[in-house]
K.L.:
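For reference, the structure I am asking about is given below.
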Amino acid sequence: MEDRHKLKRVYMSGADKRKLAKEKEKKNNEIISKTRRMTDFIITQPNTTSESYQTASPVIVTENPSPQILNVEETNEGLNLDIGLWPENMTGLIDYWVKVGSSNVQNCSQELFIQKSKKQFDVKFTRKCNKSLFERKTTNGEIVKRSWLCFSPFNGSIFCFVCKLMSKTRSQFTHGGFCDWKHADNRLISHETSKDHLNSVINLAVRSKELNRIDNELIKQSEEVKSYWRNIIKRLISVITFICERGLALRGTNEIVGSPKNGIYLGILELLAEYDNFLKQHIEKHANRGSGHTNYLSSTICEELIEIMGNNVLNEIIVSVKLSKYFSISLDSTPDEGHIDQLTLVFRYIERDTPVERFLVFMPNQGHKAQDMYDGLISFLNKYNLNIKNCRGQSYDNASAMSGKYNGLQSKVLEINKHAFWIPCATHSLNLVGKAAAECCTAAVEFFDFLEQLYVFFTASTKRYELMVIALSLENTKTRIHVPQRVNTTRWSCRSDATKALMLGYKQFKSTLIKIADDLEQTTKTRCDANCLYNQLCTLEIGIYTVFWNNILERVDSTNKLLQDPTLDLNTAVSAIRSLKNFVQSKRDKFDEYEKQGANISETTDYLKHRKRQRNIRLNPIDFHETPEVDLTSSQKFKIQNFLPVIDTFISNLDKRLSAYELVYQRFGFLRKLDQLSNEEIENEATKLVKIYEDDIDEHFGNELIQFKEFYKHFKDENSEFHNISQEHLMYKILINKEVKDCFPNVEIVLRIYLVLMITNSSSERSFSNLKHIKNRLRTSMDGDRLNHLARMSSESDILRKLDFQNVIDNFVQMKSRRVPGI
């Protein structure tokens, strides 16, 4: 038991520990007091420089006087913090100071300046170094710090850190120091722009790069990590661009790499990985590791990139609109697949030297009232700092909420901007003209109803449709066959397609119908329907209408497609509609030709006899003069009752629609024939425009226009490659490409205002097509910003393809703190 107690460990008390610590501290202080200081090795001598004050210059005394053997530890004392105490031979210290930098020796303290650099000229006047000398103000007002400038508290002067280390030329900034504070500003500027200083900066940068610094490997490793993840994100952006510009869905039912249900986004990445070893290694190493592991393949990262790219496209459009200044707007609404009413907004403006129409946004649930749509428009313009006063045109359909003269959207915009002239949609107006002509008489309605019946009969059965296709293929072996088309749709081009199909396959349809009617294997109803359709094809009326409507609708469809061009200008649109009117009017006397062609395809010259009993008309007894009955032939009756009404209705409605463009056409119509007008006529037209746009152009516009006419004639033939654009557009291209905008400023403004006038809202309809493609029945829950980003990237894919990857990645990094810093 006693031995066991002897083995126990003895612990010190707290008092004993404190006593022992005091004894150790006392011994350390005694050792330090016996150690020689650094200043013991420095001997001061009188300074012989001719200054207003006396100082001492140090002499370094060492066993080896060569400065090359100085250690970094030795230079960490007070000696190295004053550039005025540096030795003349800096060979052994250059690398050290290149690593350390100038921040430790700048000594830019105002209190230090007052104490060490103060110069007394008389009792009241003194000069000293100022902290403002360490900064330089550029021409545009920016402040640039002079990191190369250092102050020496020892002799109260300033030195150039860069030249002190790298320059072989002696100057005040390298030896002795500069202290002429009266001329300091000019002297510093002349020094920092001198050739010797610039060469020293370059040499210092090269020296810094060549040094094998301790942190070089860390920096290299960091750069490799950044480069790795940036390369990954570049591939992700490329895949997202490919998918979004086509309006396809990105995600599937899961996010598992290798699963066939992971969606198009991950599926394309897997496909690329088969041919890209870098991406393959990344997927093998990082995919399917669960949450918390950084791989940047998740849907969250994908959505962030979509948001950034969609916003970048919008910002590009907004910037271009502001550069153009003048713009036109188009609004239209439609319900999407999720039964949400979407109001689309399209801008037309000048981009470089070409008018463009861009989709900007879908605004959901704005309502169908003019005030609701107006509030949505103004809210969007204010959000992006776009001034409604710069709007020069509006283009909507002919709905009352849009086109109302007193309470429509166009009238509300005109109340705050009288120059935002409303131009009805030309394509919609042309469709209304065709609709009025097709419903002006019973025979026309029955003809298009017959086309619909023909389409329904053949498409209701695959066997009947196959028989029809075989008959058409045997006749047209080298050209594309035209099958029956539906006509009961809002697209009027389908009526042209349906009529053309009947015109080209008239005989084949007849043979197919009679074959089905004689087929005993068919049902009785089918044989009866086929026989009825065949009998209608054998009538002269159907034959005449087929030739006539195919002739008219072919020109209407071609004109409609021309009007849908987003770069179309007003004069071209008006000329196209007028030419269509003249074409239809020329057919008024061509009934005999249509009758012969109708008889040829229908193989009959007899009109269908109406079996309805004519009602006897009793004359009023007070009528003393009976009107003799006019005996008209069947041909004349068809011409008067069914042919001429269609043409007259078409022409009268075209005149009515053209009147809506007359006011704007009168303002800018002279530009189309500028080179044909006299100087006096040009002056008169210019004066009219100056009165209308007095806030945009001045009274010198007429003189500019006269001179520009001669200028345009000189360069007109040199630009023959632009034959597919209008004359006004060519004028603007010449003016911009020849860089004479400053010579003809008013002409440029007028052409810009004219070219931004929107003629149709076809771009709005195109955005609806994208909407139905993006938000389909499988994606009805999508709404808000994501829908806008995807629709914008799909509609304006040309801007999407031009996005800078580095800019997108930088924005991606700035959105929030990343697991991989700096990327």
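Small disclaimer: the values here were computed from a predicted structure and weren't measured. Throughout, residue positions are numbered sequentially from 1 according to the sequence presented.
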K.L.:
When rounded to the nearest 0.5 angstrom, what is the spacing between CD1 in I268 and CD in E270?
P.N.:
10.5 Å
K.L.:
Between D276 and R235, does at least one N-O distance fall below 4.0 Å, as a salt bridge requires?
P.N.:
yes
K.L.:
Side-chain polar contacts of residues 308-316 - donor-acceptor pairs under 3.5 angstrom, sequence neighbours left out - could you list them?
P.N.:
| residue | atom | partner | partner atom | Å |
| --- | --- | --- | --- | --- |
| N311 | ND2 | E307 | O | 3.1 |
| N315 | ND2 | N311 | O | 3.1 |

K.L.:
Parallel under 30°, tilted from 30 to 60°, perpendicular over 60°: which one fits the rings of F744 and F708?
P.N.:
perpendicular
K.L.:
Going through the checks in order, is the side-chain contact (heavy atoms from CB on, under 4.5 Å) test met by V201 and W148?
P.N.:
CA-CA 9 Å; V201 172; W148 55 268; over 6 Å; no
K.L.:
With distance as the sole test, does N288 use its side chain to make a donor-acceptor pair with the main-chain N or O of V257 at under 3.5 Å?
P.N.:
yes
K.L.:
Taking only residues two or more places apart in sequence or in another chain, which ones pass side chain to side chain contact (heavy atoms under 4.5 Å, CB included) with E748?
P.N.:
Y732, L735, I736, K741, R752
K.L.:
Any side-chain heavy atom of Y296 within less than 4.5 Å of one from I233?
P.N.:
yes
K.L.:
Determine the minimum heavy-atom distance between L755 and P355, stating which atoms define it.
P.N.:
O-CB, 3.6 Å
K.L.:
Between I318 and L386, is there a side-chain heavy-atom distance shorter than 4.5 Å?
P.N.:
yes
K.L.:
Can you give me the closest heavy-atom contact between H183 and F178, atom names plus distance?
P.N.:
O-CZ, 4.3 Å
K.L.:
Evaluate the ring planes of H191 and F173, with Trp represented by its six-membered ring, and classify them as parallel (under 30°), tilted (30 to 60°) or perpendicular (over 60°).
P.N.:
parallel
K.L.:
Do D810 and R230 sit within salt-bridge range, that is, some charged N less than 4.0 Å from a carboxylate O?
P.N.:
yes
K.L.:
Looking at CZ of F161 and CD1 of I83, how far apart are the two atoms once the value is rounded to the nearest 0.5 Å?
P.N.:
7.0 Å
K.L.:
Test R146 against every option in E135, Q106, E192 by the side-chain hydrogen bond (donor to acceptor under 3.5 Å, both in side chains) rule and name the one that passes.
P.N.:
E192
K.L.:
Assign the ring pair H282 / Y228 to parallel, tilted or perpendicular, where the plane angle (0 to 90°) is split at 30° and 60°.
P.N.:
tilted
K.L.:
Give a yes-or-no answer on whether the side chains of D196 and S194 include a donor-acceptor pair shorter than 3.5 Å.
P.N.:
no
K.L.:
Drop me the distance from I306's CD1 to E304's CD, to the nearest 0.5 angstrom.
P.N.:
10.5 Å
K.L.:
For E23, does the CD atom sit with more than 12 other heavy atoms under 6.0 Å from it, leaving out its own atoms?
P.N.:
yes
K.L.:
Looking at CG of N231 and CG of L236, how far apart are the two atoms once the value is rounded to the nearest 0.5 Å?
P.N.:
11.0 Å
K.L.:
Any chance you could measure T169, atom OG1, to H175, atom NE2, to the nearest 0.5 Å?
P.N.:
10.0 Å
K.L.:
Nearest heavy-atom pair of L165 and I94: which atoms, and what distance?
P.N.:
O-CD1, 3.4 Å
K.L.:
Quick check against the 3.5 Å criterion: does T241 have a side-chain atom that pairs as donor or acceptor with the backbone of I237?
P.N.:
yes
K.L.:
Can you confirm whether K234 sits close enough to Q806 that some side-chain heavy atom of one is under 4.5 Å from a side-chain heavy atom of the other?
P.N.:
yes
K.L.:
Can you find a pair of side-chain heavy atoms, one from H286 and one from I232, that are under 4.5 Å apart?
P.N.:
no
K.L.:
Any chance NZ of K322 has more than 12 other-residue heavy atoms, nucleotides or ligands included, within less than 6.0 Å?
P.N.:
yes
K.L.:
If I compare all heavy atoms of N295 with all of A287, which pair ends up nearest, and what's the gap?
P.N.:
ND2-CA, 4.4 Å
K.L.:
So V321 and Y384, do their side chains get closer than 4.5 Å, heavy atoms only?
P.N.:
no
K.L.:
Is T174 reaching over with its side chain to a backbone N or O of S171, donor-acceptor style, under 3.5 angstrom?
P.N.:
yes
K.L.:
Are V356 and F347 packed together at the side-chain level, in the sense that at least one heavy-atom pair is separated by less than 4.5 angstrom?
P.N.:
no
K.L.:
Provide the closest heavy-atom pair for E255 versus S299 in the form atom of the first, atom of the second, distance.
P.N.:
OE2-OG, 2.8 Å
K.L.:
Is any side-chain heavy atom of T294 closer than 4.5 Å to a side-chain heavy atom of W229?
P.N.:
yes
K.L.:
Walk me through whether R358 and Y349 qualify under side-chain contact (heavy atoms from CB on, under 4.5 Å).
P.N.:
CA-CA 8 Å; R358 301 286 190 190; Y349 57 93; 3.2 Å; yes
K.L.:
Quick check: closest heavy atoms across S794 and C244, and the distance to 0.1 Å?
P.N.:
CB-O, 3.4 Å
K.L.:
Answer whether the closest heavy-atom distance between the side chains of Y265 and V239 falls below 4.5 Å.
P.N.:
yes
K.L.:
Go through the steps to decide whether V105 and F159 satisfy the test side-chain contact (heavy atoms from CB on, under 4.5 Å), and finish with yes or no.
P.N.:
CA-CA 10 Å; V105 291; F159 291 80; over 6 Å; no
K.L.:
Determine whether L133 and F151 satisfy the following criterion, side-chain contact (heavy atoms from CB on, under 4.5 Å), listing intermediate values before the conclusion.
P.N.:
CA-CA 10 Å; L133 296 179; F151 177 76; over 6 Å; no
K.L.:
In terms of heavy-atom contacts, does CZ of R246 have more than 12 from other residues, nucleotides or ligands at under 6.0 Å?
P.N.:
yes
K.L.:
Tell me if a side-chain donor or acceptor on R792 pairs with a main-chain N or O of L360 at a distance below 3.5 Å.
P.N.:
yes
K.L.:
Mind checking the CG-OG spacing from N107 to S102? Nearest 0.5 Å is all I need.
P.N.:
10.5 Å
